[in-house]
Amino acid sequence: MSTALTNSESWKALEKHFGEIKSTTIKTLFEEDKNRGTSLLVKELGIYFDFSKHRITDETLELLFKLAESRGLESKREAMFSGEKINTTENRAVLHTALRAPKGSIIMVDGRNVVPDVHEVLDKMADFSNKIRNGSWKGHTGKPIKNIVNIGIGGSDLGPVMAYEALKFYSKRALTFRYVSNVDGSDFAEAVTDLQADETLFIISSKTFTTLETMTNAQIARAWALKQLGDPSAIARHFVAVSTNEKEVIKFGIDPQNMFGFWDWVGGRYSMSAAIGLSTMIAIGPDHYHEMLKGFHEMDEHFRTAPLNKNIPVIMGMLGVWYNNFFGVQTQAVFPYENYLKRFPAYLQQLTMESLGKHITLKGEKTEYQTGTVYWGEPGTNGQHSFYQLIHQGTRLIPIDFIGFKESLNNLPPHQDYLIANMIAQGEALAFGKTTEEVRKEGGPEQLNPHKVFEGNRPSSAFFLDKLSPENLGKLVAMYEHSVFVQGVIWDINPFDQMGVELGKVLAQNIIPELQDKQQTIAHDSSTNALIEFYRQ
Ligand code: F6P
């Protein structure tokens with residue numbers, strides 16, 4: 001059992017403090033401090049981060065920062081940025097921050113400055129993207145490429161598809177983008193149903209280039225292309241790879257000239273700013289892509305240098321710990337009031353849950369406290385007409401991140417005012433609710449009054465930016481990446497491995513031949529055996 005965290009002075013101080021303030025309401029906190037709404041606020045990098053509607057006091061924050069210090073957050077953060085092998089279970093450095101380091105920076109891994117390597121790949125991506133965008137890259141029959149199909153899964157899909165959707169406004173509309181991830185024939189079939197192979201480029205995105213789903217889809221894509229194009233030499237014009245595994249890329253038949261590399265110090269779910277972003281760069285162009293990287297880098301620097309009490313990812317991460325470990329919350333909702341961010345919650349699910357879903361500490365002991373929270377969400381206002389009821393009047397406490405922008409990318413008055421009014425109103429309603437007296441004043445049958453009361457006291461953060469630009473998207477993604485890191489440090493777990501996804505993969509490999517060969521004897525548990533039998537019939 002790991003007790004170092006829960007036996008620590010700073011944890012015990014938080015426990016005591018929690019006992020004292022757990023019944024204090026957000027409403028009372030606002031009544032006691034008329035400036036709360038502008039004092040529990042950080043304005044940095046063009047982000048207005050309002051964390052006043054949380055069940056915290058100044059003392060809570062002080063104690064949370066003390067806990068962060070006592071867990072060595074600052075030195076661990078520096079260890080990550082400077083390339084130490086903090087992914088101890090895989091003996092790897094963790095340097096997604098190097099992917100957006102400006103030219104000329106020096107970041108050493110095993111005695112080598114990796115920044116020039118990063119920029120060499122970025123330049124190669126830019127050159128290729130320009131060729132696709134200006135039509136000078138010709139397909140096998142001499143036609144320019146019109147369609148780009150990214151084949152990948154997990155971090156090799158969720159980042160690219162989220163970024164493509166988020167930055168669609170900036171994308172070249174003459175190009176069509178499709179994303180295939182699932183090992184379900186329907187995903188591939190629907191993605192290519194209206195495409196011609198001689199105008200289509202497949203980007204096979206896989207860090208390992210061995211992932212079952214991706215390699216199965218890549219093989220079927222090759223067969224689909226060959227059926228139309230006939231000639232195996234056509235593959236070179238229609239398939240490129242993004243990977244760390246050159247050997248497997250060559251084995252698949254992709255020319256290493258057409259491979260865009262990255263490195264083992266980039267985790268899959270942290271690879272959106274690596275070459276995994278190739279489809280994003282083709283869509284929005286190298287200049288916009290570099291703006292996105294600039295946003296990532298600005299947030300990296302903010303996280304690295306800002307004092308803890310002004311540090312957005314630190315505050316977010318510590319609020320996560322506060323709710324998770326003291327209030328016992330189980331889920332965290334993320335509601336972007338920006339339709340282009342519709343895939344952002346899905347992207348965050350892998351980032352947060354694959355990173356923080358661990359119950360073994362770095363020392364190999366079982367945690368005796370809860371770790372990773374369930375992240376979920378949908379764009380506002382759609383969620384309001386779906387699941388917000390449970391957040392307002394249900395029995396669970398669900399902290400929320402609201403994300404909104406002052407300017408819409410598509411100015412269709414009065415939409416933006418309506419949208420943002422709803423975002424602000426939801427935070428207000430959740431925090432302050434509606435009392436029995438207020439309900440009574442409205443009139444109506446007395447027996448319905450209890451149903452109309454809103455208890456309030458439901459916490460939320462508001463993130464407000466000027467508009468959804470590539471740079472701001474970079475900032476937002478890096479902000480969540482680093483808040484995950486903060487939580488990982490407090491819980492003493494490794495946010496950079498994902499061993500929990502292995503067992504299911506291995507068992508599937510055992511079951512595949514059992515489904516394909518009905519004569520094979522099967523020896524699982526009675527439920528698994530029966531499911532296999534049912535499929536076989
Ligand atoms: O789901 C496990 C995982 O390893 C993720 O971490 C990763 O993003 C995904 O599979 C895809 O892996 P690859 O890029 O190697 O195909």
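One-based numbering, in listed order, for ligands and for the atoms of each.
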If you look at each N/O of ligand 1, which protein N/O atoms lie under 3.5 Å away, and at what distance?
unit_1   : atom_1 : unit_2 : atom_2 : d
ligand 1 : 1 (O)  : Glu354 : OE2    : 3.2
ligand 1 : 6 (O)  : Glu354 : OE1    : 2.7
ligand 1 : 8 (O)  : Gly155 : N      : 2.7
ligand 1 : 8 (O)  : Gln350 : NE2    : 3.1
ligand 1 : 14 (O) : Ser156 : OG     : 2.6
ligand 1 : 14 (O) : Lys207 : N      : 2.7
ligand 1 : 15 (O) : Ser206 : OG     : 3.4
ligand 1 : 15 (O) : Lys207 : N      : 3.3
ligand 1 : 15 (O) : Thr208 : N      : 2.9
ligand 1 : 15 (O) : Thr208 : OG1    : 2.6
ligand 1 : 15 (O) : Thr211 : OG1    : 3.3
ligand 1 : 16 (O) : Ser206 : OG     : 2.6
ligand 1 : 16 (O) : Thr211 : OG1    : 2.5

Exercise for review: Could you label the plane-to-plane angle of the Phe81 and Phe303 rings as parallel, tilted or perpendicular, counting under 30° as parallel and over 60° as perpendicular?
Suggested key: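 The rings of Phe81 and Phe303 sit tilted, inter-plane angle from 30° to 60°.
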Review point. So, the side chain of Asn324 versus the backbone of Gly320: is there a donor-acceptor pair under 3.5 Å, distance only?
Key: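 Pair absent, no side-chain N/O of Asn324 close to backbone of Gly320.
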Review point. Only one of Met292, Met162, Met299, His482 clears side chain to side chain contact (heavy atoms under 4.5 Å, CB included) with Val477; which?
Key: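 It is Met162; the other options fail the test.
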**Study point:** Thr280: side-chain hydrogen bond (donor to acceptor under 3.5 Å, both in side chains) partners, not counting sequence neighbours
**Key:**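 Thr280 satisfies side-chain hydrogen bond (donor to acceptor under 3.5 Å, both in side chains) with no other residue.
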Check your understanding: Just wondering, more than 12 heavy atoms not from Ile360 lying within 6.0 Å of its CD1?
Key ->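 More than 12 within 6.0 Å, yes.
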Point to revise | Pairing of Glu90 and Lys85 as salt bridge, 4.0 angstrom limit | key: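 So Glu90 does not pair with Lys85 through a salt bridge.
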